[in-house]
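Heads up, the thing below is written out as structure tokens.
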Amino acid sequence: MAHVCIHWFRKGLRLHDNPALMAALTDCKELYPVFILDPYLHHTKVGINRQRFLIGALKDLDCSLRKLNSRLFVLRGKPEDVFPKLFNRWNVTKLTYEYDTEPYSLRRDERVASLAKEHGVDVIYKISHTLYNIERIIEENNGKPPLTYKRLQAIVQNLGPPKKPIPAPTLENMRDVKTPRSQKYEDEYRIPTLEELQLDSQFLGEELFPGGEQEALRRLDEHMKRTGWVCSFEKPQTSPNSLSPSTTVLSPYVTFGCLSARTFWWRLTEVYRGRKHSAPPVSLHGQLLWREFFYTCSVGIPNFNKMNDNPVCTKVDWDTNQQNLAAWREARTGFPFIDAIMTQLRQEGWIHHLARHAVACFLTRGDLWISWEEGQKVFEDLLLDGDWALNAGNWQWLSASAFFHQFFRVYSPIAFGKKTDKNGDYIKKYLPLLKKFPPEYIYEPWKAPRSVQQAAGCIVGKDYPHPIVQHEQISKKNIQRMKEAYAKRSSDNNESPIKKQGITGIYISPGLLPPPYKTW
Ligand SMILES: Cc1cc2nc3c(=O)[nH]c(=O)nc-3n(C[C@H](O)[C@H](O)[C@H](O)COP(=O)(O)OP(=O)(O)OC[C@H]3O[C@@H](n4cnc5c(N)ncnc54)[C@H](O)[C@@H]3O)c2cc1C
């Protein structure tokens, strides 16, 4: 039977390595490529940079579909409300999509699949957002998520390399397939503008990372040409505060699925072939395995984005301090390195991994003693690459709530940035107010004599805030509080009913941890 098929784009905003789209084209007479603006995911709190990236990615997808004599249909609403109408309107017989492991997506997809069944629609989904089938990794580890990178590496070594990516569909694949469109197509299904989404674009900065598959593949090509750089890549040697990014910035493209992680992986394999190259965890292959590691944890650990009822997360008596949280979020902490990073995040939507370390440690166990869940929310809204699993996993790591337990190693909001940028050029770029401070004061402008502040045209306490905490004192106090939280965790674990159910088998002793990045 020739099918009338909807391919539902969610993540996976690409044509290359899209096995679910290919499955749609098998025995297909009509194809409707659909994207749904879901109020749960695409609400107005999501940062405008991210919305712009999404719109760019949708436009690019539509452009590629046109070349296949098709178009993208964009709809708004809850998928479970939208689909029954579409099934009836187009007499749909098959629905295809990429498998998504996020808890919300799993619930949503279950509801949609059951509606499809009621309408006699076959459902096919394929795994292509991660390198491996995450559930297979968990199975291979006796039903538990591996809690160390080393363990994950051992498992994936057993599984063999990730599947090779498949090519994008061609006109040949589309030979017998049509995408019927009525006169109303433009009115009903076109991609909305930012204004139509009620977003105010007047303060948007330059678009440094335009969304879309073509841009993703172009950027990937550019990086892969730099064979020496790729082969010698070691993440800890890259800089949090270089003026242009010292890592690939492919993360937004991987998050939205404009770039397949498997395509990224195999292109790296080609570059490595016959050449001496760095290895995981620090290499670029190693970075993609970090992604796989956190995805596996997010699938295997309940309530992964929360402290409570998350069996691997240490319970900490974080403070609630709205003023300090706002100061951190709005780049008003009085620590120029931290404020410059938070400014870059808000303006550009991307910051380096070690810059994320610095601000995450500062918000949580280092200085402000505010819950990592609050930081997670801010990152989720502002990062172009905001990813449910990676954001939650990395926040737990940085706050020493899970995976990383050396809480006594705290980033200094002053000394850390100086290591790679003595002059403070990064601070000058993002906080131009401080640009006339001499290098010896740019990380600590409050220490500058009044005359230096006057000459710089910036008085601390008037034009730029005093530091909101005394780092030296507060970080020592916080280490002590963290020690107490760990001690409590140990004693609770001994009596925990969860332990009796065997779940604490997934706790790891700090002694078993792989060495952390040596970047302090
Ligand atoms: C507190 C905190 C929150 C984070 N939140 C996110 C998030 O929401 N989304 C996100 O994609 N990354 C997140 N990261 C991980 C990491 O910082 C980014 O993936 C990385 O900085 C992206 O830049 P890049 O593409 O240049 O990375 P590269 O170094 O070029 O790495 C290549 C790819 O590997 C993956 N990767 C690299 N580092 C990590 C990592 N530590 N964990 C998982 N995957 C990794 C990404 O897909 C990245 O594109 C977070 C890190 C921290 C410390």
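Owing to the predicted nature of the structure, the values given are computational and were not obtained by experimental measurement. In listed order, ligands and their atoms are each counted from 1. All residue numbers in this chain count up from 1 along the given sequence.
Within the listing of ligand 1, atoms 24 (P), 26 (O), 28 (P), 29 (O), 30 (O) sit less than 4.0 angstrom from a heavy atom of T247. Within ligand 1, counting atoms from 1 as listed, the ones closer than 4.0 Å to a heavy atom of T255 are 11 (O). Near R291, with a cut-off below 4.0 Å to any heavy atom, the atoms of ligand 1 are 43 (C), 44 (N), 47 (O). Residue-ligand proximity, F379 to ligand 1, at heavy-atom distances under 4.0 Å covers atoms 1 (C), 2 (C), 3 (C). With ligand atoms numbered from 1 in the order given, ligand 1 contributes 42 (N), 43 (C) to contacts under 4.0 Å with heavy atoms of F294. Atoms of ligand 1 lying under 4.0 Å from at least one heavy atom of G386, given by number and element, are 8 (O). Below 4.0 Å from some heavy atom of V249 lie the following atoms of ligand 1, by number and element: 24 (P), 25 (O), 26 (O). Atoms of ligand 1 found under 4.0 Å from any heavy atom of L284, numbered from 1 in the order shown, are 30 (O).
By the 30° and 60° cut-offs, the orientation of the rings of F9 relative to H7 is perpendicular. Between Y411 and H357, the two ring planes are perpendicular [angle over 60°; tilted spans 30° to 60°]. Ring geometry, W397 versus F404: the interplanar angle falls under 30°, so the pair is classed parallel (tilted spans 30 to 60°). Ring planes of Y97 and Y125: parallel class, angle under 30° (limits at 30 and 60°).
Contacts of L398 with ligand 1, taken as heavy-atom pairs under 4.0 Å, involve the side chain alone. For T238, no heavy-atom contact with ligand 1 is shorter than 4.0 Å. Residue W350 touches ligand 1 through its side chain alone, judged by heavy-atom distances below 4.0 Å.
Of the candidates Q376, R356, H352, it is R356 that places a heavy atom closest to atom 20 (C) of ligand 1. Among L390, L363, V254, the residue whose heavy atom sits closest to atom 11 (O) of ligand 1 is L390. Between E380, Q396, H353, it is H353 that holds the heavy atom closest to atom 21 (O) of ligand 1. The option with the heavy atom closest to atom 15 (C) of ligand 1, from among L382, L250, N391, N394, is N394. Closest to atom 45 (C) of ligand 1 by heavy atom, among E292, H285, K235, Q287, is Q287.
If you take CG on L382 and CD on Q344, they are separated by 12.0 Å, rounding to the nearest 0.5 Å.
In terms of polar-atom proximity, W395 is not counted as a contact of ligand 1, lacking any N or O under 3.5 Å from an N or O of the ligand. An N or O contact shorter than 3.5 Å is missing between H357 and ligand 1 by distance.
Between K429 and D421, no side-chain nitrogen of the basic residue sits less than 4.0 Å from a carboxylate oxygen of the acidic one, so the salt-bridge criterion is not met. Under the 4.0 Å criterion applied to side-chain N and carboxylate O atoms, E102 and R10 are not assigned as salt-bridge partners. Note on D381 versus R50: no salt bridge recorded, every NZ/NE/NH1/NH2 to OD/OE distance being 4.0 Å or above. Taking a cutoff of 4.0 Å between a charged side-chain nitrogen and a carboxylate oxygen, K377 and E380 do not qualify as a salt bridge.
Distances from ligand 1 to the non-hydrogen atoms of F233 include at least one value under 4.0 Å.
Of the residues listed (L259, L13, L15), the one engaging E213 in a side chain to side chain contact (heavy atoms under 4.5 Å, CB included) is L15, and it is the only one.
Checked against ring-ring contact (aromatic ring centres under 6.0 Å, His included), W265 has the following partners two or more places apart in sequence or in another chain: H285.
Atom CD of Q470 is surrounded by 12 or fewer heavy atoms from other residues, nucleotides or ligands within 6.0 Å.
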